[in-house]
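Below you'll find the structure, written out as structure tokens, and then a few comments.
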Amino acid sequence: MKLHQFWQLGIKDMKAVPLPRQRTSPKRRVWILVIAAFIAIAIAWAYLYPPPHYKSPMRDWLPAEPARELTDEERASRVVFRQILTTPPVQSRSSKIAFMFLTPGTLPFERLWEKFFEGHDGKYTIYVHASREKPEHVSPIFIGREIHSEKVTWGQISMVDAERRLLANALQDIDNQHFVLLSDSFIDCFYDPGPHGNFRYSQNMLPEVTESDFRKGSQWFSVKRQHALMIVADSLYYTKFKIHCRPGMEDGRNCYADEHYLPTLFHMMDPDGIANWSVTHVDWSEGKWHPKAYRAQDVTFELLKNITSIDMSYHVTSDSQKVVTENPCLWNGAKRPCYLFARKFYPESINNLMTLFSNYTLV
């Protein structure tokens with residue numbers, strides 16, 4: 001008999017086999033009840049008061065609690081984060097990726113993005129946060145995709161506010177399972193003891209955020225739905241960075257929340273759940289405050305080939321030691337190229353990019 005046929009059988013299909021009835025003495029029934037009660041109490045005691053060396057699987061979702069007493073706000077935050085991380089992802093019949101664009105106004109590369117999305121209808125959604133002016137669209141897929149936007153100032157917490165606003169809008173669609181922040185759920189995270197890293201830390205973040213937990217990373221992220229929920233649900237750590245991580249702080253320090261808030265949050269709350277590199281490539285080789293920007297003449301087949309062949313993630317500390325950390329970019333355990341996107345490109349490079357994109361993606 002096949003298994004599925006077995007489960008289709010009803011009670012009437014089964015033959016009853018008469019069993020001899022045996023009487024149990026009252027004393028024996030009492031002993032059985034006593035033993036059962038003892039076992040139940042022992043199991044409950046072992047669960048509620050485990051040995052010191054025992055670690056519950058549920059507690060492994062969060063890092064070990066600090067030796068000090070947690071504040072009420074910390075304990076509440078950890079409960080929320082644990083609930084989010086341990087709840088199985090919502091099953092969707094048509095999973096999509098939310099592409100979230102953070103821009104001052106009109107997107108100069110809409111035609112290129114339209115080509116990128118071509119043939120993937122129903123697999124993506126678009127959200128545009130235009131912080132200065134209403135965009136003028138040249139591609140129909142971007143029409144009507146603006147969300148309510150507020151002014152964004154570089155280096156201020158308003159940048160993080162815009163990211164959270166985009167995530168909150170994208171999370172309303174239950175089919176959105178991954179969220180990518182892009183410009184005109186890989187979270188980049190590393191330790192930098194130099195002036196552009198932990199020098200920006202403020203003791204006013206104590207006790208919730210210690211200097212040893214303070215991290216730096218790229219603003220451009222890609223996150224799964226659980227991490228997106230954590231970002232919009234967080235209040236405690238967001239407020240710490242809103243107040244104590246800003247340009248023009250004491251001792252001449254400049255802290256930029258968009259570079260430190262998310263790397264620090266996830267280093268503290270889910271360090272094993274992030275990749276520690278960004279899927280968006282930027283070239284910092286010029287050693288300036290801003291990454292290299294590509295002109296039309298810079299955009300060549302060799303440039304795209306070089307970017308898409310990088311399979312190691314590099315971080316360099318900003319102190320005098322200039323310590324270089326490199327790690328392979330692992331996708332589901334396999335070493336693969338790190339980057340899916342790249343910036344910064346001048347608008348004048350659009351024609352070269354359109355031509356190269358058509359040819360390169362088919363190679």
Side-chain angles (χ1 to χ4, degrees), residues 97-120 123-124 126-133 135-143 145 152 154 159 166 178-184 186 188 217-222 258-259 275 277-316 324 326 328-329 331 335-363:
I97 300 176
F99 290 85
M100 307 178 301
F101 292 85
L102 189 56
T103 177
T106 298
L107 288 163
F109 296 106
E110 282 192 7
R111 289 193 295 134
L112 184 63
W113 282 109
E114 184 178 21
K115 184 176 284 291
F116 175 81
F117 291 126
E118 196 173 71
H120 300 288
K123 298 296 183 181
Y124 67 90
I126 294 173
Y127 302 87
V128 178
H129 186 290
S131 60
R132 294 181 188 171
E133 58 188 20
E136 295 182 5
H137 300 293
V138 297
S139 169
I141 65 173
F142 282 89
I143 295 176
R145 301 312 304 167
V152 173
W154 181 82
M159 188 77 77
L166 281 162
H178 217 85
F179 305 79
V180 182
L181 181 67
L182 300 160
S183 173
D184 283 351
F186 290 76
D188 186 22
S218 169
Q219 173 192 3
W220 313 105
F221 61 73
S222 172
D258 57 288
E259 294 183 6
W277 90 83
S278 171
V279 294
T280 299
H281 174 269
V282 289
D283 184 351
W284 291 96
S285 62
E286 295 180 340
K288 299 179 180 179
W289 280 98
H290 296 283
K292 179 178 179 178
Y294 299 103
R295 294 283 185 182
Q297 64 268 22
D298 299 322
V299 180
T300 63
F301 179 86
E302 287 301 318
L303 174 67
L304 297 188
K305 183 179 179 181
N306 290 339
I307 292 175
T308 56
S309 65
I310 299 172
D311 58 9
M312 296 290 292
S313 171
Y314 297 89
H315 293 118
V316 183
V324 178
E326 56 181 297
C329 295
W331 300 80
K335 188 177 180 181
R336 295 285 188 272
C338 302
Y339 304 114
L340 301 177
F341 312 101
R343 59 187 303 267
K344 306 172 78 170
F345 293 87
Y346 281 97
E348 67 187 47
S349 64
I350 179 64
N351 291 331
N352 285 8
L353 286 169
M354 291 285 290
T355 301
L356 289 169
F357 181 83
S358 300
N359 294 328
Y360 189 77
T361 52
L362 296 176
V363 173

message: If you apply the rule side chain to side chain contact (heavy atoms under 4.5 Å, CB included), what do you find for F179 with L166, and how did you get there?
response: CA-CA 9 Å; F179 305 79; L166 281 162; over 6 Å; no
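- Atom CD of E136 is surrounded by 12 or fewer heavy atoms from other residues, nucleotides or ligands within 6.0 Å.
- Side-chain atoms of E110 come within 3.5 Å of backbone N or O of S139 as a donor-acceptor pair.
- Among F99, F101, W113, the single residue meeting the ring-ring contact (aromatic ring centres under 6.0 Å, His included) criterion with F142 is F101.
- Atom CD of E326 is separated from atom CE of M312 by 4.5 Å, given to the nearest 0.5 angstrom.
- Pairing each heavy atom of T106 with each of P108, the nearest pair is O-CD, 3.4 Å.
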- request: Please test W220 against L182 for side chain to side chain contact (heavy atoms under 4.5 Å, CB included), starting from the C-alpha separation and ending with a verdict.
  value: CA-CA 6 Å; W220 313 105; L182 300 160; 5.7 Å; no
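- Proximity of a side-chain donor or acceptor of E348 to a complementary backbone N or O of A296 within less than 3.5 Å is detected.
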query: After noting the C-alpha distance and the side-chain angles of F116 and F341, does the key distance pass the side chain to side chain contact (heavy atoms under 4.5 Å, CB included) rule?
result: CA-CA 11 Å; F116 175 81; F341 312 101; 4.1 Å; yes
message: As a quick check of understanding, evaluate side chain to side chain contact (heavy atoms under 4.5 Å, CB included) for Y127 and R145, giving each step before the final call.
response: CA-CA 5 Å; Y127 302 87; R145 301 312 304 167; 3.7 Å; yes
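- Two residues are said to be in side-chain contact when any heavy atoms from C-beta on lie closer than 4.5 Å; S349 and F109 meet this criterion.
- Taken to the nearest 0.5 Å, the OH atom of Y294 stands 10.0 Å off from the OG1 atom of T300.
- Between I126 and F117 the shortest side-chain heavy-atom distance falls below 4.5 Å.
- Residues P135 and H137 approach most closely at CB-CE1, 3.7 Å, considering heavy atoms.
- Of the inter-residue distances, the one linking Y346 atom OH with L353 atom CG reads 14.0 Å to the nearest 0.5 angstrom.
- Using modelled atom types, no side-chain atom of W277 and backbone atom of C329 make a donor-acceptor pair closer than 3.5 Å.
- Looking at heavy atoms from C-beta onward, V138 lies out of side-chain contact with E114 at the 4.5 angstrom threshold.
- Of the candidates D298, V299, N352, I350, F345 forms a side chain to side chain contact (heavy atoms under 4.5 Å, CB included) with just one, namely V299.
- T308 is not listed as a side-chain neighbour of Y339, based on a closest heavy-atom distance of 4.5 Å or more.
- Note that the CD atom of E302 and the CG atom of L356 stand 10.5 Å from one another [nearest 0.5 Å].
- Between R111 and N351 there is a side-chain heavy-atom pair separated by less than 4.5 Å.
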